[in-house]
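One structure is given below, encoded as structure tokens.
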Amino acid sequence: MNLYLPVAEMSVSIFVLLGLGGVVGVLSGLFGVGGGFLMTPLLMMLGIPAPVAAATDANQIVAASISGTIAHMRRRNVDFKMGAYMVVGGLVGSKLGVQLVGYLKALGQIDFVITVLFVIMLGLIGSFMFVEGLHALRGSSKGEKSSKAPKKEPRFQLPLRTNFEASGLETSILVPLGVGLFVGVLAAILGVGGGFIMVPAMIYLIGMPTQVVVGTSLFQILFTTANTTFWQSVQNHTVDIVLALLLLIGSVIGAQIGTRLGSKLQGEQLRVLLALIVLATAAKLLLGLVLEPEELFVIGGGGH
Amino acid sequence: MRKLWTSLLLALAVAFAPAAGAALVTDLSDTHIKVSYHYQGENLLVFGSLPEKGGHVIVEVRGPEKSRTIQRKGKVMGFLWMNVEDLTVKDFPGYYALLSDAPIESFLTPEERNRLDVGHDALFNSAEYHGETAKAGPRDYFDGLLKYMGDHGLYQEKPNAVTIKRGALFRAELRMPSRAPVGDYQVVVRQWKDGQVIHRDTQGLSVAKTGIEKWLYDMAFEHPAWYGLMAVLVALFAGWFVGIITRGEAEH
């Protein structure tokens with residue numbers, strides 16, 4: 001059964017889209033990752049134009065993060081002060097990112113930039129997870145992990161320091177602003193939530209206690225992806241609501257399956273498996289960049 | 001307006017030239033193609049009656065014109081393939097199909113094809129190009145565009161797709177893919193004999209989005225701020241709703 005996507009302007013099988021959402025959902029249920037970093041490249045491989053894939057994915061993440069944000073707020077797992085600075089950074093960053101997408105689209109380089117950024121990002125994340133997973137599989141001692149213990153005292157001091165009571169720490173507001181800004185730009189260009197960057201940054205760079213990290217990051221993601229969705233719609237017309245909803249349905253079902261599977265399967269082996277999936281996706285995208293393309297001429301930027 | 005004049009002239013020609021006999025009459029299996037949520041493209045039948053026996057029948061379908069930018073990929077830094085140059089073709093049909101009862105090269109000379117503006121060479125000659133290109137000529141870009149359109153079913157040249165029955169009836173079937181652009185199309189049927197067009201008929205065809213597809217598309221492009229707001233609100237509601245359902249399930 002096919003469905004015509006109103007903004008992507010193409011007919012795609014419903015089952016393929018539900019399946020895609022499902023696969024990413026299973027992964028996110030298994031590993032507790034957002035999965036946006038796999039969704040956009042997979043959509044691109046289906047033939048959805050890269051900017052539509054990224055913007056629609058941001059729309060899907062809005063839906064995927066609202067429930068979690070509410071739940072974490074109820075459990076008081078959100079540092080609102082820290083979150084507010086990160087949101088401000090995220091709003092500015094995502095607006096800048098959308099602007100950049102429009103500029104690159106006009107230049108005809110948006111697909112290239114999105115692909116290159118994904119190759120770098122997935123390559124780094126995949127390698128890191130692979131090494132981590134192998135270490136865990138070999139049953140290496142916990143002592144190793146303590147070497148990455150949160151640094152409470154940064155080497156240099158940025159101005160505008162303030163106290164964050166909920167996290168029990170003092171730092172410059174420029175740090176959460178900067179992290180939020182960076183993640184916001186990524187959210188707009190790649191259609192990812194950015195949790196995989198924000199969470200380590202909050203733990204290792206800011207030194208936030210782990211119980212508020214996930215909630216605060218979800219809080220930031222919710223606002224940033226909502227802002228991205230809005231401005232992508234206004235400036236680039238690349239958000240496809242129908243596609244976003246289908247992906248959401250698929251990913252919700254997938255996440256349920258993933259959570260149940262996760263409790264029955266071995267965590268470390270799964271982590272290596274996810275790392276391999278991420279690396280394979282990166283390799284596929286990389287091949288597209290370095291192999292001589294079948295078509296030397298491509299039609300881009302139609303409609304102007 | 002031009003269409004009105006053509007039909008007026010045609011009516012006059014029919015009325016004042018009884019010697020010419022009956023006119024070429026054509027019809028389409030569908031003149032208003034509706035793109036709805038289950039649209040997967042459509043097979044279109046062009047058929048009609050020929051007033052005179054003999055000659056050849058050419059069916060030409062042109063989609064709405066728009067400018068297309070063609071990017072050429074090249075190697076950068078010795079290993080990366082990226083878009084390096086582009087050329088814009090002005091007002092090029094977003095869909096083009098040329099169907100005939102025999103290869104058009106077999107009965108039309110290049111000059112005649114140019115004069116009628118049918119076929120890829122004529123399209124190339126009549127198109128307007130903008131852009132500075134160093135390594136490849138306009139024809140390379142043009143061929144790239146036709147290859148791309150051909151791969152997506154947006155460009156078709158079918159030399160044997162028109163069948164003529166007893167020299168009086170013709171029919172041709174063509175495929176409108178789901179990617180065919182929305183807008184107004186023109187279907188021109190020509191009967192060619194003894195080095196000239198002896199009969200010609202033009203039919204309009206429209207491809208338009210309908211229902212929720214139309215509404216969403218119009219919103220996205222004409223009221224983008226409202227569309228963006230809607231996308232956010234729909235996502236928030238859907239996500240919240242789904243959260244309630246799944247949490248309910250988890251408690252069982």
Side-chain angles (χ1 to χ4, degrees), chain A residues 1-7 9-11 56 59-68 70-71 107-109 111-112 116 222 225-227 229-235 237-242 244-245 248-249 252 255-256 259 288-293 295-304, chain B residues 35-41 66-75 79-83 86 94 136 140-141 143-145 147-149 151 178-179 181-182 209 212-217 220-221 224-225 227-232 234-240 242-247 249-250:
Chain A
M1 204 163 82
N2 277 42
L3 191 72
Y4 185 86
L5 303 173
V7 172
E9 297 198 82
M10 56 191 285
S11 171
T56 302
N59 191 198
Q60 196 265 135
I61 296 172
V62 174
S65 54
I66 172 77
S67 283
I70 293 175
L107 274 184
Q109 299 296 1
D111 290 61
F112 178 76
V116 167
L222 180 63
T225 50
N227 191 52
T229 303
F230 180 77
W231 287 109
Q232 291 283 29
S233 303
V234 171
Q235 282 179 280
H237 313 286
T238 40
V239 176
D240 196 309
I241 294 187
V242 176
L245 284 178
L248 175 71
I249 296 169
V252 165
Q256 297 290 311
T259 319
L289 288 176
V290 296
L291 290 184
E292 177 159 356
E295 304 297 338
L296 280 182
F297 294 92
V298 288
I299 315 306
H304 300 296
Chain B
V35 179
S36 63
Y37 64 91
H38 52 69
Y39 181 64
Q40 289 184 57
K66 72 172 181 183
S67 296
R68 306 299 290 265
T69 300
I70 307 149
Q71 310 271 0
R72 186 175 67 82
K73 282 187 191 285
K75 225 180 209 180
F79 72 104
L80 276 181
W81 288 88
M82 65 185 287
N83 299 340
D86 60 72
D140 298 315
Y141 284 87
D143 287 345
L145 174 61
K147 170 84 170 54
Y148 169 87
M149 288 175 69
D151 288 346
S178 71
R179 286 195 189 225
V182 295
K209 301 197 186 207
I212 186 141
E213 299 295 311
K214 177 177 167 51
W215 188 75
L216 285 174
Y217 185 84
F221 285 89
Y227 181 88
L229 203 62
M230 183 173 73
V232 172
V234 165
L236 286 176
F237 178 76
W240 170 78
V242 156
I244 287 180
I245 296 177
T246 50
R247 218 174 305 135
E249 253 178 29

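Residue numbers begin at 1 in each chain, while the letters A, B, ... track the order of the sequences. What you see is a predicted model, and the numbers here were worked out from it, not measured in a lab.
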For [X], is it the side chain, the backbone, both, or neither that has a heavy atom closer than 4.5 Å to a heavy atom of chain B?
X        : value
A/Ala244 : neither
A/Leu291 : backbone
A/Val116 : neither
A/Leu248 : side chain

Shortest non-hydrogen contact between [X] and [Y], atoms and distance:
X        : Y        : value
A/Gly108 : B/Gln71  : CA-NE2, 3.3 Å
A/Val234 : B/Ala225 : CG2-CA, 3.7 Å
B/Gly239 : A/Ser67  : O-OG, 2.9 Å

Evaluation steps, side chain to side chain contact (heavy atoms under 4.5 Å, CB included), between B/Tyr39 and A/Asn2: CA-CA 8 Å; B/Tyr39 181 64; A/Asn2 277 42; over 6 Å; no
Do side-chain atoms of [X] reach the backbone of [Y] as a donor and acceptor pair under 3.5 angstrom?
X        : Y        : result
B/Tyr217 : A/Glu9   : no
A/Asn59  : B/Ala235 : no
A/Thr229 : B/Val232 : no
A/Gln109 : B/Asn83  : yes
B/Lys73  : A/Phe297 : no
B/Tyr227 : A/Val239 : yes

Any residue meeting side chain to side chain contact (heavy atoms under 4.5 Å, CB included) with B/Leu80, in chain and number order, not counting sequence neighbours: A/Phe112, A/Leu289, A/Val290, B/Met77
Applying side chain to side chain contact (heavy atoms under 4.5 Å, CB included), can you list everything that pairs with B/Tyr148, at least two apart in sequence or on another chain? A/Ile299, B/Arg68, B/His152, B/Arg179
Side chain to side chain contact (heavy atoms under 4.5 Å, CB included) between A/Leu222 and B/Leu236, intermediate numbers included: CA-CA 9 Å; A/Leu222 180 63; B/Leu236 286 176; 3.8 Å; yes
List the steps and the verdict of side chain to side chain contact (heavy atoms under 4.5 Å, CB included) for A/Tyr4 and B/Glu213. CA-CA 8 Å; A/Tyr4 185 86; B/Glu213 299 295 311; 3.2 Å; yes
May I ask you to test the A/Val7-B/Leu216 pair for a side-chain heavy-atom distance under 4.5 Å? no
Less than 4.5 Å apart, side chain to side chain, heavy atoms only: is that true for A/Ile241 and B/Met230? yes
Max heavy-atom pairs within cutoff under 4.5 Å with chain A, candidates B/Asp86, B/Asp140, B/Leu229, goes to B/Asp140
Which label fits A/His237 and B/Phe221: parallel for a plane angle under 30°, tilted from 30 to 60°, or perpendicular past 60°? parallel
B/Asp143 portion near chain A, given a 4.5 angstrom heavy-atom threshold: neither
Test side-chain contact (heavy atoms from CB on, under 4.5 Å), reference B/Val242, set A/Ile249, A/Val252, A/Ile66, output is A/Val252
Quick one: pull up CG in A/Leu3 and OG in B/Ser178 and give me the separation to the nearest 0.5 Å. 11.0 Å
